[in-house]
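Right, one structure below, let's go through it.
Proteins get letters first, then strands, A, B, ... in listed order; numbering begins at 1 in each.
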4 protein chains.
Amino acid sequence: MTSVDEPARPHGNGRLRDAARTRAEILDVATQEFARVGYAGARVDDIAARTSTTKRMIYYYFGGKEQLFTAVLERAYGVIREAEQRLDVEHLDPVAAIRRLAELTFDHHERHPDFIRLVSIENIHEAEHIAASEKLGRIGSPALDVIRRILASGRESGLFTADVDAVDLHALISSFCFFRVANRHTFGALFGRDLVDPDRREHYRTMLGDMVIAYLTAERSAD
Amino acid sequence: MTSVDEPARPHGNGRLRDAARTRAEILDVATQEFARVGYAGARVDDIAARTSTTKRMIYYYFGGKEQLFTAVLERAYGVIREAEQRLDVEHLDPVAAIRRLAELTFDHHERHPDFIRLVSIENIHEAEHIAASEKLGRIGSPALDVIRRILASGRESGLFTADVDAVDLHALISSFCFFRVANRHTFGALFGRDLVDPDRREHYRTMLGDMVIAYLTAERSAD
Amino acid sequence: MTSVDEPARPHGNGRLRDAARTRAEILDVATQEFARVGYAGARVDDIAARTSTTKRMIYYYFGGKEQLFTAVLERAYGVIREAEQRLDVEHLDPVAAIRRLAELTFDHHERHPDFIRLVSIENIHEAEHIAASEKLGRIGSPALDVIRRILASGRESGLFTADVDAVDLHALISSFCFFRVANRHTFGALFGRDLVDPDRREHYRTMLGDMVIAYLTAERSAD
Amino acid sequence: MTSVDEPARPHGNGRLRDAARTRAEILDVATQEFARVGYAGARVDDIAARTSTTKRMIYYYFGGKEQLFTAVLERAYGVIREAEQRLDVEHLDPVAAIRRLAELTFDHHERHPDFIRLVSIENIHEAEHIAASEKLGRIGSPALDVIRRILASGRESGLFTADVDAVDLHALISSFCFFRVANRHTFGALFGRDLVDPDRREHYRTMLGDMVIAYLTAERSAD
DNA sequence: AATGAATGAGGCTTCATTCAT
DNA sequence: TATGAATGAAGCCTCATTCAT
């Protein structure tokens with residue numbers, strides 16, 4: 001992202017490396033801009049201006065604004081997938097594992113507000129870029145498999161009573177994490193409470209875990 | 001602002017009625033357009049074209065695109081406030097009352113996807129229009145008072161054990177309702193599950209209630 | 001100009017008086033606005049807004065922006081004519097009379113910067129409004145007659161040697177008075193000297209008189 | 001900015017030449033239009049239409065209407081400065097030198113009516129564009145230095161008696177030259193005399209010289 | 001004599017994109 | 001691989017003016 005001063009190499013793939021770097025730089029800036037002001041609000045000129053290359057390169061590498069936005073989404077989702085692939089909670093008992101997974105989800109949302117904004121924006125566009133992307137259609141989530149296994153194990157042991165599958169539980173966990181970051185501005189403006197206040201962070205993190213565990217383990221009337 | 005049914009008066013206000021109607025019509029169309037494509041994506045020309053008046057009237061009544069968007073938000077929040085003021089759940093016992101409130105919140109989100117989109121959009125803009133609006137700053141929510149009273153009553157009777165105040169509980173309930181509608185496109189595209197599929201509606205509605213009640217009533221380790 | 005609270009009179013010309021007053025108020029405001037930002041720069045809305053009446057009245061009384069500007073010019077030239085009609089310098093000897101007249105012209109320009117601006121503006125428009133006005137075409141100037149008589153008397157007595165007629169002398173005197181007020185902004189910005197600085201007022205007033213007298217009385221080579 | 005006569009170079013700058021030409025062409029047309037109808041009266045569309053490029057280029061090169069007007073002023077003042085730098089009168093005796101300088105000023109005004117109109121217009125705007133321009137603030141005038149030296153020499157030799165400095169004398173000379181061109185429309189319309197009638201040109205040119213010399217050399221009462 | 005609502009034409013500016021080199 | 005110049009379409013907004021009452 002920062003310009004690296006590496007010695008000019010007479011032969012070889014110096015060019016190629018530069019190309020990759022240019023591409024990455026454009027993606028970095030574009031991610032910030034799209035996240036900041038939305039797809040329609042972003043300006044190709046502004047993105048180019050914040051780059052060490054020119055506007056022409058955006059068209060050269062990505063083809064256009066729309067494809068650039070799709071590339072931004074693809075990379076952003078790639079990052080989250082990688083993080084999820086590093087999840088390591090299955091050595092814990094089901095209750096602890098789920099709580100840990102919820103917390104990691106919570107942390108990931110907190111650390112990537114730009115990604116959350118991009119997702120909000122993509123939803124305004126009814127996920128059309130995801131639908132058009134070869135990389136992103138039905139990409140699923142590594143976390144889902146983890147959840148699936150924890151749920152199965154918890155249910156086997158009789159600890160979990162709730163009638164949820166992994167996808168719904170993922171939605172339940174995500175909803176709180178996402179809302180807290182995505183809607184913090186309107187929520188703060190209307191209710192005077194900053195949902196991402198660092199001082200309240202632990203409180204909300206615990207609240208999420210409590211909620212998920214309570215839901216999964218609640219005594220159920222025979223239905 | 002809402003369509004007024006007042007009898008035709010002998011002289012005068014014929015025009016005034018038209019003015020209110022014109023204003024309301026513009027707001028209706030603008031609400032749809034802003035919700036559909038966001039603030040930056042919306043076109044004043046398009047809004048005007050879908051109206052029985054002209055573009056000029058938008059500027060006459062609202063002053064500009066930005067103020068129009070603010071007016072749209074103001075009216076949209078007004079509608080939700082009115083709905084919340086009609087909440088009538090306090091004759092129920094705390095558990096039933098909270099479940100009912102969660103369900104009504106759920107239903108309201110389901111019925112007003114445009115409103116949810118507007119809120120997402122306003123969050124992308126970091127709630128700047130709410131902040132600039134005299135009508136909307138720290139508007140609070142009638143639902144909060146209802147929640148507050150139910151929580152107090154439930155805690156008194158020993159039914160509720162969770163350490164939440166009304167604002168946090170409101171966030172918890174809203175997050176699921178909001179996410180389900182707001183993020184349904186990306187969620188559907190990535191996981192192949194339509195969160196607003198009518199066939200799954202009851203399932204999610206129950207799930208929300210279960211989650212909230214489980215959270216509020218869970219046995220807590222002495223901490 | 002200020003709204004006067006006079007008792008409503010049941011009969012009589014109360015209406016007419018109001019009409020005259022409204023007209024005058026519009027003219028006052030229009031004079032300021034046109035002088036401030038030029039004909040094209042002035043806004044009918046702004047003029048109306050600074051009035052106690054409405055925009056409609058401007059059209060009612062004057063017909064349109066163009067005619068309003070013409071009316072403004074007509075009244076402004078009327079004021080200067082009246083002032084010139086009160087010139088009383090012919091009891092002085094020719095030299096003193098001319099100096100006095102120059103000084104009065106100087107003073108008049110200083111006191112009516114808005115008028116000078118209007119004249120500049122009308123020149124940008126190539127005097128088309130004057131040409132179109134019945135009141136203003138070839139209106140001449142009472143001052144011209146005065147100058148004519150002084151010149152004749154001065155030449156008779158041998159004091160004045162210059163080959164000028166009244167119109168040219170009027171131009172000579174006016175040019176300095178006009179330039180000092182009209183061009184003071186560019187002159188000040190470029191040369192750092194404020195031509196209308198009160199402290200330099202006497203200096204320029206004297207300079208003008210000296211110049212005119214010197215010109216009129218200079219010894220001429222036999223040509 | 002001025003049309004450059006540089007030989008076509010083997011590669012490269014073909015475009016650059018075009019850019020300079022495009023810029024210059026826009027400036028030419030803009031100068032005419034602004035001079036013709038004033039800043040507010042000029043239309044960016046009209047300027048573009050009279051150009052071989054498009055409206056977009058005006059914004060590409062100048063940024064906007066306001067900056068275009070400033071650029072027009074900058075170039076116009078640049079032209080006059082160049083002319084003044086070519087003044088060559090100091091080989092004459094002070095009286096002849098001043099008369100010659102006045103005549104050259106007179107001629108320059110006559111030859112550049114558009115420039116005079118621009119200056120009038122800029123004064124209506126209270127020299128705000130000059131103030132905002134880095135090129136134009138306190139630009140001074142080469143003529144001033146010339147005048148200064150002539151004045152000193154004339155005063156040394158006892159020929160000049162008047163109490164003026166170069167700036168004031170410059171104002172005195174300019175005022176007549178400027179008025180004659182700038183106010184010719186209203187003056188002509190009101191008094192029936194065309195100040196720029198070619199037949200009267202020599203008359204006014206002489207009149208200006210006579211006036212300046214008479215003023216500078218007049219016998220002064222001991223004050 | 002007065003007014004709020006309405007209007008069509010046109011104003012300035014900006015957009016994503018492409019061209020020639 | 002890279003770039004400054006160029007573009008047409010469209011964006012938001014404002015103008016002087018008129019209408020219905």
Side-chain angles (χ1 to χ4, degrees), chain A residues 14-16 18-19 22 40-48 52-61 63-66 68, chain B residues 11-23 40-48 52-68, chain C residues 14-16 18-19 22-23 40-48 52-61 63-66 68, chain D residues 10-23 40-48 52-68:
Chain A
R15 289 277 143 166
L16 274 173
D18 285 357
T22 299
R43 301 289 164 247
V44 175
D45 276 276
D46 291 355
I47 292 170
S52 68
T53 30
T54 66
K55 188 165 43 162
R56 188 64 190 79
M57 286 299 95
I58 291 175
Y59 289 90
Y60 186 81
Y61 282 119
K65 188 186 185 183
E66 197 111 20
L68 176 58
Chain B
H11 44 250
N13 307 36
R15 287 279 134 183
L16 274 174
R17 297 266 326 266
D18 285 358
R21 208 176 285 152
T22 300
R23 248 188 84 98
R43 301 289 166 242
V44 175
D45 279 86
D46 292 355
I47 292 171
S52 68
T53 32
T54 65
K55 187 172 35 163
R56 187 60 191 77
M57 282 296 96
I58 290 176
Y59 291 90
Y60 184 74
Y61 281 115
F62 298 96
K65 188 185 184 184
E66 197 113 19
Q67 294 102 304
L68 176 59
Chain C
R15 289 278 141 166
L16 273 174
D18 284 357
T22 299
R23 245 189 85 97
R43 301 290 164 246
V44 175
D45 276 277
D46 291 356
I47 293 171
S52 67
T53 31
T54 66
K55 188 165 43 161
R56 188 65 190 80
M57 286 299 95
I58 290 175
Y59 288 90
Y60 187 81
Y61 282 119
K65 188 186 185 183
E66 197 112 20
L68 176 59
Chain D
H11 45 250
N13 307 35
R15 287 280 132 183
L16 274 175
R17 297 264 327 265
D18 286 357
R21 208 176 288 152
T22 300
R23 248 189 83 98
R43 301 289 164 242
V44 175
D45 280 86
D46 291 355
I47 292 171
S52 69
T53 32
T54 65
K55 186 170 39 162
R56 186 60 191 77
M57 282 296 96
I58 291 175
Y59 291 89
Y60 184 74
Y61 281 115
F62 299 95
K65 188 185 183 184
E66 197 113 19
Q67 295 102 304
L68 176 58

* Which comes earlier along DNA chain F counting from the 5' end, the contact point of C:Gly64 or that of A:Ser52, where each point is its nearest nucleotide? -> A:Ser52

* d(OH, A:Tyr61; C1', F:dA2) in whole Å -> 9 Å

* To do: Could you state the atom-to-atom distance from CZ of B:Arg56 to P of F:dC13 in whole Å?
  => 11 Å

* **Nearest-neighbour nucleotide for the D:Val44 side chain, F:dA16, E:dT17, E:dC12 considered** => E:dC12

* Structure fact -> Note: A:Ala48 and A:Thr54 closest approach over all heavy atoms is CB-C, 4.1 Å

* **d(NZ, C:Lys55; C1', E:dT7) in whole Å** => 11 Å

* Quickly work out the B:Ile47 CD1 to F:dA10 C1' distance and round it to whole Å. => 15 Å

* To do: Select base, sugar-phosphate, or nothing to describe what D:Ala48 touches, counting heavy atoms under 4.0 Å on all strands.
  => nothing

* Indicate, with a heavy-atom threshold strictly under 4.0 Å, whether A:Ala42 touches base, sugar-phosphate, or nothing. => sugar-phosphate

* Complement of F:dA20, any strand, by Watson-Crick or G-U distances under 3.5 angstrom -> E:dT3

* Asked: Checking side chain to side chain contact (heavy atoms under 4.5 Å, CB included) for the pair D:Ile47/D:Leu68: CA distance, chi angles, key distance, verdict?
  -> CA-CA 11 Å; D:Ile47 292 171; D:Leu68 176 58; 4.2 Å; yes

* Please round to the nearest 0.5 Å and tell me the distance separating atom OH of A:Tyr61 and atom OG1 of A:Thr53. => 8.0 Å

* Rounded to the nearest Å, what distance is computed from the NZ atom of residue A:Lys65 to the C1' atom of nucleotide E:dT18? -> 17 Å

* Check every atom of E:dA5, F:dA16, F:dC12 against the side chain of B:Tyr60 and return the nucleotide holding the closest atom. => E:dA5

* Counting only side-chain N and O atoms of C:Tyr59, is one of them less than 4.0 Å from OP1 or OP2 of F:dT17? -> yes

* Structure fact -> Atom CZ of D:Arg43 and atom P of E:dC12 are separated, to the nearest Å, by 5 Å

* Asked: For the pair made of CE in D:Met57 and P in E:dC19, what is the distance, rounded to whole Å?
  -> 15 Å

* To do: Select from C:Thr54 and D:Asp46 the residue whose nearest nucleotide in DNA chain E is closer to the 5' end of that strand.
  => C:Thr54

* Structure fact -> Closest non-hydrogen contact found for A:Ala40 with A:Lys65 is O-NZ, 3.7 Å

* Asked: Atom CE of D:Met57 and atom CZ of D:Phe62: how far apart are they, to the nearest 0.5 Å?
  -> 11.0 Å

* To do: Report yes if a side-chain nitrogen or oxygen of B:Thr22 is closer than 4.0 Å to either non-bridging phosphate oxygen (OP1 or OP2) of E:dA6; otherwise report no.
  => yes

* Now, which nucleotide makes the Watson-Crick or G-U wobble pair with E:dA9, with each of the two distances under 3.5 Å? -> F:dT14

* Asked: In whole Å, what is the span from the CD1 atom of B:Ile58 to the C1' atom of F:dG11?
  -> 13 Å

